[in-house]
Amino acid sequence: MHAYRTHNCAQLNKENVGDTVRLSGWIHRKRDHGGVLFVDLRDHYGITQIVADEDSPALTLLDSLRLESVITIDGDVKARDAEAVNANLPTGDIEVFARSVTVQSNADELPLIVNSAEDYPEETRLKYRFVDLRRERVHNNIMLRNQVITSLRRRMTDQGFSEFQTPILGASSPEGARDYLVPSRLHPGKFYALPQAPQMFKQLLMVAGFDRYFQIAPCFRDEDLRADRSPEFYQLDFEMSFVTQEDVFQAIEPVLAGVFEEFANGKAVTPAGEFPRIPYAETMLKYGTDKPDLRNPLIISDVTHHFTSSGFGIFEKIVGGGGVIRVIPAPNTNEKSRKFFDEMNDWAKREGFAGLGYVTRKGGEFGGPIAKNHGPENMAKLYDELGLGENDGLFFAAGKEKDAARLAGAARTRVGETLELIEQDCFKFCWIVDFPMFEYDEEQKKVDFSHNPFSMPQGEMEALENTDPLEILAWQYDIVCNGYELSSGAIRNHRPDIMYKAFEIAGYSKQDVDENFSGMIEAFKLGAPPHGGSAPGIDRIVMLLADEPNIREVIAFPLNQRAQDLMMGAPNAVEPRALRDVHVRTVEPPKQPG
RNA sequence: GCGGGUGUAGCUCAGUUGGUUAGAGUAUCGGCCUGUCACGCCGAGGGUCGCGGGUUCGAGUCCCGUCACUCGCGCCA
């Protein structure tokens, strides 16, 4: 007989009645009836009820063991009486009568209870993550993650992509997010950087002629965290040669739609081939963000032209100063109290905005200061233009275009949530396309790249030479699902001449480019295919599929909000000798903990 | 860096207008119970009310400061 088990804890059923078996697992729960004791024995696969009565030599020992102790049971499979069958348990037709028990490991009093769905503080959960991971919800999340990754890998391979590994120790680059740095022992004063993404390497693999690359790639960014942002995360990184933007879309839509359909539990998923493409300018206007949640039916409109001389002083002033007025409809709010509208305004102020104006409408009657100043005829005209009804309220976001769009976007989300307009049980995908190549940097008072400097500008060299830089669009695209940015990608700029020119527009010399991106620019001088790709975030995909609000729920051992590992104690101070080895001296002594 | 929320028993929480010895559930320990499956019943132990200062006859409660966790803004091409 095997040392630990003949079956797992989900395997036994009626057909095993009479068998002598050996099971191992954790004591999930105990029910002690004096003369008879029930133990729910749990392993990765499931739960089996163990029973011991006064005829069982195992009774006393079993009774003395604490929850979560690990035991091995030798016993006999018995059918349960009809009234004792547990229909909720796959093994509920049987139980195992314990003949003997071996304690593999005793458990102390637990910091959190495994057999409960109770919400524990993250601090406790992360400190004892190995216990937390035994709990059903997180255990299932991590297994879902495994299945999603397996499925993604299969789908990519089926499409002719090959999996590669790229270096973890790389070169730091001034572009983009802050790097995690690793000091070099052999090269005093020099540092490696952990990859923010394998961007350069995957492009070099295209230059090397591999045609279709993918990788489940670990990425590291030393920036502050959010609920959907971890400093280390995984991307389905892929790149393709000799492709247009359209080819990239056609390659990845079936993968994403496929994996979502596979694990969405019947929720509706935007079908492959039907992901809407929304230009950046349009999404910023209609949704006030570059990651719109299309489950929210509300659409923002620009009504600036109505307020050039409206009689409403604040708006006139804003419009006169080059600002814009955006509106968010609040459908069927005729029954809503004034408090509802005022609280939206309070919320906007708390968020740091100047405020959120509003117009109420009840049975066709307009209310609120904006309507009063603007006049009922003008308001009716505006409502007709927007196609609004006689019981629809309207929120106003006014200011410089960027601020007004951001406020309108946040207000759209809040109005949609408050009025419960967000469609449930669906995954709505879209592409955001036509990102601007450049933007005007108000702080530095110069034109700069607005997103990725290595994207190919639409119109290529001709556009760079003959178009206002702020008008140039890039072959760059994001995939958005339910308001989460799942990936960003681009058709890359593989032409050194266009690269130099693009950087020149952003104020960088040929020498700057050569110094900072020598590896890539040199490669492009030796025969580079046109190529492009993208990199959907795996943690966010799993988070959406698991219906979790936080990325840490789908990571086995996540760092906390301050990028610490509470279980292992990272980051930690190191021996002075270790610092000497890598030629590092700390300036401030680390704070004494506690 | 900035703003919001939270912090009371191992854990989850309650604690009124500032007023007796800070409570409940759960876990732990002890006792009872032969059919439970969140078993039930009886009992016990368990507290730096995050920390420091202040106001007050009196502070878990009010004020100031600070720390930790968390959510958001900045940041994240």
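Residue numbers start from 1 in every chain, and the chains themselves are labelled A, B, ... in the order their sequence lines are given, proteins ahead of strands.
Comparing the same atom, C1', in B:A59 and in B:A22 gives a spacing of 13 Å after rounding to whole Å. Nucleotides B:G47 and B:U21, compared at atom C1', are 13 Å apart to the nearest Å. Comparing the P positions of B:C62 and B:G7 gives a spacing of 12 Å, expressed to the nearest Å. To the nearest whole angstrom, the two P atoms, one in B:C63 and one in B:A44, are 38 Å apart. Atom C1' of B:A38 sits at a distance of 24 Å from the matching atom of B:G45, rounded to the whole Å. With C1' as the reference atom, B:C71 and B:G25 are 28 Å apart, rounded to whole Å. Comparing the P positions of B:C49 and B:C11 gives a spacing of 15 Å, expressed to the nearest Å. Nucleotides B:U20 and B:C13 place their C1' atoms 24 Å apart, quoted to the nearest Å.
With hydrogens and angles ignored, the 3.5 Å screen pairs no side-chain donor or acceptor of A:Asp441 with any backbone N or O of A:Val447. Checked by atom type and distance alone, the side chain of A:Lys30 pairs as donor or acceptor with a backbone atom of A:Asp63 at under 3.5 Å. Formation of a donor-acceptor pair under 3.5 Å by the A:Arg552 side chain with backbone atoms of A:Pro558 is not found in this model. A side-chain donor-acceptor contact under 3.5 Å links A:Arg29 to the backbone of A:Asn115.
Per the geometry, CD belonging to A:Gln561 stands 17 Å off P belonging to B:C75, to the nearest Å. The distance between atom CG of A:Asp441 and atom P of B:C75, rounded to the nearest whole Å, is 10 Å. Between the CG atom of A:Leu126 and the C1' atom of B:U70 there is a distance of 11 Å, given to the nearest Å. To the nearest angstrom, C1' of B:G74 lies 9 Å from CG of A:Asp224. The nearest whole Å value for the distance from the CD atom in A:Gln196 to the P atom in B:C75 is 16 Å. Spacing between atom CD of A:Gln564 and atom P of B:A68 amounts to 9 Å, rounded to whole angstrom units. Between the P atom of B:G72 and the CZ atom of A:Arg406 lies a distance of 14 Å, rounded to the nearest Å. Rounded to an integer number of Å, the gap from A:Arg42 CZ to B:A38 P is 16 Å.
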With sugar-phosphate taken as primed atoms, P, OP1 and OP2 and all else as base, the protein-contact string of nucleotides 25-37 of chain B at under 4.0 Å (heavy atoms; B, S, -) is -SBSS---BBBBB

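For the OP1/OP2 pair of B:G74 and a distance below 4.0 Å, the side-chain nitrogens and oxygens of A:Arg178 include no atom meeting the criterion. Distances shorter than 4.0 Å separate none of the side-chain N or O atoms of A:Asn115 from OP1 or OP2 on B:A38. Residue A:Arg226 places no side-chain N or O under 4.0 Å from the OP1 or OP2 atom of B:U70. For A:Arg562, a side-chain nitrogen or oxygen approaches OP1 or OP2 of B:A68 to under 4.0 Å.
Side-chain contact of A:Asp293 with A:Tyr287: a donor-acceptor pair under 3.5 Å is absent, judged by distance alone. Side-chain contact check for A:Asn16 and A:Gln11: no donor-acceptor pair (N or O, by modelled atom type) lies under 3.5 Å. Checking A:Gln196 against A:Asp179 by side-chain atom types alone, a donor-acceptor pair falls below 3.5 Å. Between the side chains of A:Glu548 and A:Asn141, a donor-acceptor pair is found at a separation under 3.5 Å. A donor and an acceptor atom, one from each side chain of A:Gln215 and A:Thr166, are located under 3.5 Å apart. Between the side chains of A:Asp53 and A:Ser56, no donor-acceptor pair of N or O atoms lies under 3.5 Å.
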Passes ring pair (Phe, Tyr, Trp, His ring centres under 6.0 Å), A:Phe503 versus A:Phe449? Steps please. CA-CA 8 Å; A:Phe503 272 90; A:Phe449 293 109; 4.8 Å; yes

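A:Asn560 comes within 4.0 angstrom of the backbone, heavy atoms only, and of no base.
Between A:Gln199 and A:Asp228, the one whose closest nucleotide on RNA chain B sits nearer the 5' end is A:Asp228. Each of A:Pro453 and A:Asn550 was assigned the nucleotide of RNA chain B with the nearest heavy atom; the assignment lying further toward the 5' end belongs to A:Asn550.
Stem regions for RNA chain B, each three or more consecutive Watson-Crick or G-U pairs with both distances under 3.5 Å and listed by first number, read B:1-7 with B:67-73, B:10-13 with B:23-26, B:28-32 with B:40-44, B:50-54 with B:62-66.
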